[in-house]
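All values derive from a computational prediction rather than experimental measurement.
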Amino acid sequence: EGGDPAAACADLLAALRDQGIRPFRERHLLEWEDYFSQSRVSVPDPAAQHIYEVSRYLLKANHHPRGFQPVGILPYQWQSVMFWDATFAQEAFLTCGNAPQAAAIGDQIKRLVPEGRKLAAELGNGGARIEWTANLDAFTRYDPPSRQFHNNAVWARGFCLLGDYLGKAPAPGDIVVIEDLLRFLIEEYERHGNARGHDSAFVGIDESIDDPKPYDTWTFALLLKALEDYFALCTRLDREPAFDRNVLPRIGEILSANVDDDGVLQSFRGGRLPHWGSLIFDLFPEHPAALPTIARMAENYDPEQDLFNFHGLNRYAEKTFPWATHTMIRCLAKIGRPEAMAYFLHNLNPVNYFGGYSERIYYHGEHYIEWFSTAHAALVLAMNTMLATEVRGRLQLLGGIDCRRWEDLSFEGLHAGAGWVVSLELKKGAVIHCEVTNLQDQDRELVIEVPSLGLRHVQMARPGRNTVSLSRMS
């Protein structure tokens, strides 16, 4: 990218001849040591430990210094482009404390925003439109343009998360980008949706490209969460919102109408079998449809190959998509269910010999698109969420861990969200050490819950490190 690649390679080879391999190797080792030193996880299952470390490695190995984050680095892997699911990698980096990589992914999107404003104008909207895929320097052009509008909500929330995990507000320029991304969605729904009929404003194309499904759950859920995060940000900064808050209950009503008579959140209006687009419960863990929906999706199980299919799209010849299962695991962990760990250990099975995940496994068992970054990012997110995550104002520790099976584990430096960083050691089923760092610059209440051990603790946390003494009390 840029300059003369042949000349750049010649300069590198000349430096290698002059200096030898040692300085290059030392810089390489220092870079990776710094990356892995930001956090540490140690669990008693060797396979889980191995694949977790492999996954962290793969995320950075596929990370371009400018923030370009493709799903893979080989041409056959979805054209080596960057998808919306690079946000999985962005949040995985954040939970591990690798803020420079997470911020660089945001910078890559910001460089594309001027082009996104032109795309929005072509569709008759304000703001900026984030296309389905992008290469290093531009969006992929589709004719006609894709209808996968949830990209905007995913990235708007991604910019909110950058500040949330680090305990600070996004930069003013980032807030403008958030507003541009949300403005496109709101105008697309309110203006063009009214013209075409609201059911066609946000449609799901995964179930059928030729027959898009109305009221796509994933799009509306991501938009609702991104708007909630944005309005909360405006309140904290005493900033006048760019949008009317009355949009929130209207979107909430749409999602509620997608819940069927059995309490299952379908992936679109009138659906009968929820697919991955219904896995929104990491965003809304207290949603009443969470457990009924996950239970319904768990029925999509193949006993012959011992695989759960939480992706669940009719138009794919699939037995499983491992990333979707990890996303479901993260939902269970956010809810505080120890069953998350059982599914996590079960989902270690569909990997190649070296511990690499593919995008999907076909009916006959063949792995398709090996070393799929999204699956590895989803695994890191699932593991870290099982260990430490912020949920609606409280810090939930070991929420997805069955402490009867994993009696001994430890982690250091995991970013749980809301500016909390946690280190913990569990030995013989008891917490013997817990330290919580408050990244914000003021004292605030720290509420900790350890559902698997029946613990609840409240104290004031000063800025910086805070030692926490957890005992069996509520």
Using a distance-only test with no angle check, is there a side-chain donor-acceptor pair under 3.5 angstrom linking Ser278 and Ser267?
yes
Side chain to side chain donor-acceptor pair (under 3.5 Å) partners of Tyr301, counting only residues at least two apart:
Asp306
Would you say the ring centers of Tyr189 and Phe220 fall short of 6.0 Å from each other?
yes
Please list, one pair per line, the donor and acceptor atoms closer than 3.5 Å that link side chains of residues 152-164 to other protein atoms, with sequence neighbours excluded.
unit_1, atom_1, unit_2, atom_2, d
Asn152, OD1, Ile130, N, 2.7
Asn152, ND2, Ala128, O, 2.6
Asn152, ND2, Leu181, O, 2.9
Arg157, NE, Asp229, OD2, 3.4
Asp164, OD1, Ala418, N, 3.4
Asp164, OD2, Ala418, N, 2.9

Got a sec, which residues hit ring-ring contact (aromatic ring centres under 6.0 Å, His included) with Phe24, two or more places apart in sequence or on another chain?
none
Under the side chain to side chain donor-acceptor pair (under 3.5 Å) test, residues paired with Glu366 that sit two or more places apart:
none
Those residues that, when tested against Glu286, pass salt bridge (Lys or Arg N to Asp or Glu O under 4.0 Å) (two or more places apart)
Arg394
Inter- and intrachain pairs under ring pair (Phe, Tyr, Trp, His ring centres under 6.0 Å), touching residues 103-127, at least two apart
none
Will you find, in the side chains of Thr133 and Tyr142, an N or O donor that is under 3.5 Å from an N or O acceptor?
yes
Do Arg269 and Gln266 have side-chain atoms, one donor and one acceptor, less than 3.5 Å apart?
no
Any cation-pi pair here, Arg111 with Phe68, using under 6.0 Å and within 45°?
no
Could you tell me which residues satisfy side chain to side chain donor-acceptor pair (under 3.5 Å) with His28, sequence neighbours excluded, listed by chain and number?
none
Test ring-ring contact (aromatic ring centres under 6.0 Å, His included) applied to Phe243 - qualifying residues, sequence neighbours left out
Tyr230
Answer yes if the side chains of Asn125 and Glu188 hold a donor-acceptor pair under 3.5 Å, and no otherwise.
yes
Parallel, tilted or perpendicular for His275 and Phe268, by the 30°/60° rule?
tilted
Would you list the atom pairs, donor with acceptor, under 3.5 Å between side chains in residues 165-174 and any protein atom, with sequence neighbours excluded?
unit_1, atom_1, unit_2, atom_2, d
Tyr165, OH, Glu91, OE2, 2.7
Asp174, OD1, Lys110, NZ, 2.8

Kindly write out the residues that satisfy side chain to side chain donor-acceptor pair (under 3.5 Å) with Asn246, not counting sequence neighbours, or none if the list is empty.
Asp244
Quick one: ring-ring contact (aromatic ring centres under 6.0 Å, His included) partners of His367, sequence neighbours excluded?
none
Under the ring-ring contact (aromatic ring centres under 6.0 Å, His included) test, residues paired with His346 that sit two or more places apart
Phe308
Ring centroid separation for Phe93 and His63, is it under 6.0 angstrom?
yes
